[in-house]
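Below, chains carry the letters A, B, ... as their sequence lines are ordered, and counting in each starts from 1.
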Number of protein chains: 2
Amino acid sequence: MTKTTRSELFEFDHPCPIRDVLDRIGDQWSLLILKSLEHNAMRFNSLHREIGDISRQMLSRTLKRLEKDGYITRTVYAQVPARVEYALAELGISFLKPMNTLIQWADENHQAICRARKRQN
Amino acid sequence: MTKTTRSELFEFDHPCPIRDVLDRIGDQWSLLILKSLEHNAMRFNSLHREIGDISRQMLSRTLKRLEKDGYITRTVYAQVPARVEYALAELGISFLKPMNTLIQWADENHQAICRARKRQN
DNA sequence: CTGTATCCAAACCGATACTG
DNA sequence: CAGTATCGGTTTGGATACAG
């Protein structure tokens, strides 16, 4: 009986699409990275500077996952020093629509949520 | 110098609405619960059965947080044994729109994501 | 029936040093 | 410049026993 972790289990054959998508995209950084790439491709360090408070570790990991899931592409230009650009893939572009709907809602309702929290505690 | 955890820090005064909202809603269960309440109010055990693989612990915690943030309401009916109903609050109802946009996208693109994953590994 | 308390494992994330 | 390896702290989540 080898133990299967949740990650391994969910990588393929996920029975519920929404959970599958959210498990991958609902972390601290994915949306932020996708948003940063909305209008133009970016290099590793540019992303690092633009997002500001992300560690290189997490930026690297999150980019890998987004690439693996097909949201973004990674292009290496043969130069010295190396130049790597990240850009939205087709899936990433199509994801922009629901993502921006969500962002807009968050902007509009953020205040209401803060008020609700303060009321109760 | 008391150490401030991320949770404490983010509870109020979050500088970025989208991160604030996603930090709370982007967990394993919130969307599922909100979706279950979409068409009717439900009791604790009904939710537990309907969702199936959630533990009582997590159902309880997640409901508390959703209530605190103003997404749902909790109504206790004075009976023996106690009867408690959870229902969408105004904020929860308004959240349905962006949420369903996201769910629809996930349904439509789930296959593409699975294919992307398999291609690369 | 509707939860909460406790304990433990897995996952997430950051700091930092190191590699090509 | 573009990462990866290691380590340790925090958070999330499940199982289960207990409480009103």
Side-chain angles (χ1 to χ4, degrees), chain A residues 1-11 19-20 22-33 36-37 41-68 72-87, chain B residues 1-11 19-20 22-33 41-68 72-87:
Chain A
M1 264 307 196
T2 48
K3 181 84 160 51
T4 309
T5 63
R6 217 166 58 86
S7 297
E8 288 159 6
L9 181 65
F10 284 16
E11 176 137 9
R19 286 170 70 173
D20 183 26
L22 276 169
D23 279 345
R24 294 304 199 90
I25 224 68
D27 59 50
Q28 194 69 195
W29 304 114
S30 293
L31 277 286
L32 242 19
I33 292 175
S36 295
L37 295 175
M42 291 185 80
R43 302 175 63 172
F44 189 88
N45 276 347
S46 307
L47 279 168
H48 193 216
R49 273 190 301 274
E50 170 140 333
I51 298 182
D53 56 350
I54 191 174
S55 66
R56 278 214 297 269
Q57 170 73 276
M58 283 315 297
L59 180 55
S60 173
R61 281 189 207 168
T62 310
L63 286 170
K64 281 260 170 296
R65 193 153 66 174
L66 289 174
E67 186 194 357
K68 177 159 193 185
I72 63 175
T73 59
R74 175 177 181 277
T75 313
V76 183
Y77 295 92
Q79 295 179 187
V80 179
R83 170 197 179 87
V84 181
E85 280 199 348
Y86 294 93
Chain B
M1 265 302 195
T2 47
K3 180 83 161 48
T4 309
T5 64
R6 215 166 58 87
S7 297
E8 287 159 5
L9 182 66
F10 283 15
E11 175 135 12
R19 286 171 71 172
D20 182 28
L22 276 169
D23 279 345
R24 294 305 200 89
I25 224 69
D27 59 51
Q28 194 69 195
W29 304 113
S30 293
L31 278 286
L32 243 18
I33 291 175
M42 291 186 81
R43 300 174 64 173
F44 188 86
N45 275 349
S46 307
L47 280 167
H48 193 218
R49 274 189 302 274
E50 169 139 334
I51 298 181
D53 55 348
I54 190 174
S55 65
R56 279 214 298 269
Q57 169 74 278
M58 284 313 298
L59 180 55
S60 173
R61 278 192 211 165
T62 310
L63 285 169
K64 282 259 171 297
R65 194 154 64 176
L66 289 174
E67 186 194 357
K68 178 160 191 183
I72 63 175
T73 59
R74 175 178 182 276
T75 313
V76 183
Y77 296 91
Q79 295 178 190
V80 180
R83 170 198 178 86
V84 181
E85 280 200 346
Y86 294 93

Per atom distances to the A:Tyr86 side chain, the nearest of C:dC13, C:dG3, D:dG3 is D:dG3
Roughly, in whole Å, what's the span from CG in A:Leu63 to P in C:dC13? 14 Å
Taking for B:Asn45 and for A:Asp27 the nucleotide of DNA chain C with the nearest heavy atom, the one nearer the 5' end belongs to B:Asn45
Nearest whole Å is fine: how far is C:dA11 P from A:Ile25 CD1? 18 Å
Given C:dT2, C:dC18, C:dA15, identify the nucleotide with an atom nearest to the side chain of A:Arg56. C:dC18
Any carboxylate oxygen within less than 4.0 angstrom of a Lys/Arg side-chain nitrogen, looking at A:Arg61 and A:Asp27? no
Between D:dG3, C:dC13, C:dG3, spot the one nearest the side chain of B:Arg74, thanks. C:dG3
From CD1 of A:Ile54 across to C1' of C:dC12 the rounded distance in Å is 12 Å
Side chains of A:Glu67 and A:Leu63: does their closest heavy-atom pair fall under 4.5 Å? no
Of A:Pro81 and A:Asp53, whose nearest nucleotide on DNA chain C comes first from the 5' end? A:Asp53
Tell me the interatomic distance from A:Arg49, atom CZ, to D:dC1, atom P, rounded to whole angstroms. 7 Å
Under 4.0 Å between a side-chain N or O of B:Arg43 and OP1 or OP2 of C:dC1? no
Between A:Ser60 and B:Gln57, which is nearer to the 5' end of DNA chain D once each is assigned its nearest nucleotide? A:Ser60
Looking at the side chain of A:Lys64, which of C:dT4, D:dT4, C:dT6 is the nearest nucleotide? D:dT4
State, with a plain yes or no, whether a side-chain heavy atom of A:Ile72 is found less than 4.5 Å away from one of A:Arg74. no
Closest to the side chain of B:Arg61, out of D:dG3, C:dG14, C:dT6, is C:dT6
B:Arg83 CZ to C:dG3 C1', in whole Å, measures 16 Å
Short side-chain to backbone donor-acceptor contact, B:Thr62 and B:Met58, under 3.5 Å: yes
Answer yes or no: is there a side-chain heavy-atom contact under 4.5 Å between A:Trp29 and A:Asp53? yes
Can you check the B:His48 NE2 to C:dC1 P distance for me, whole Å? 11 Å
Within this structure, what is the CZ-to-P distance between A:Phe44 and C:dG20, rounded to whole angstrom? 17 Å
Return the value, rounded to whole Å, for the distance between atom CE of A:Met58 and atom P of C:dA15. 12 Å
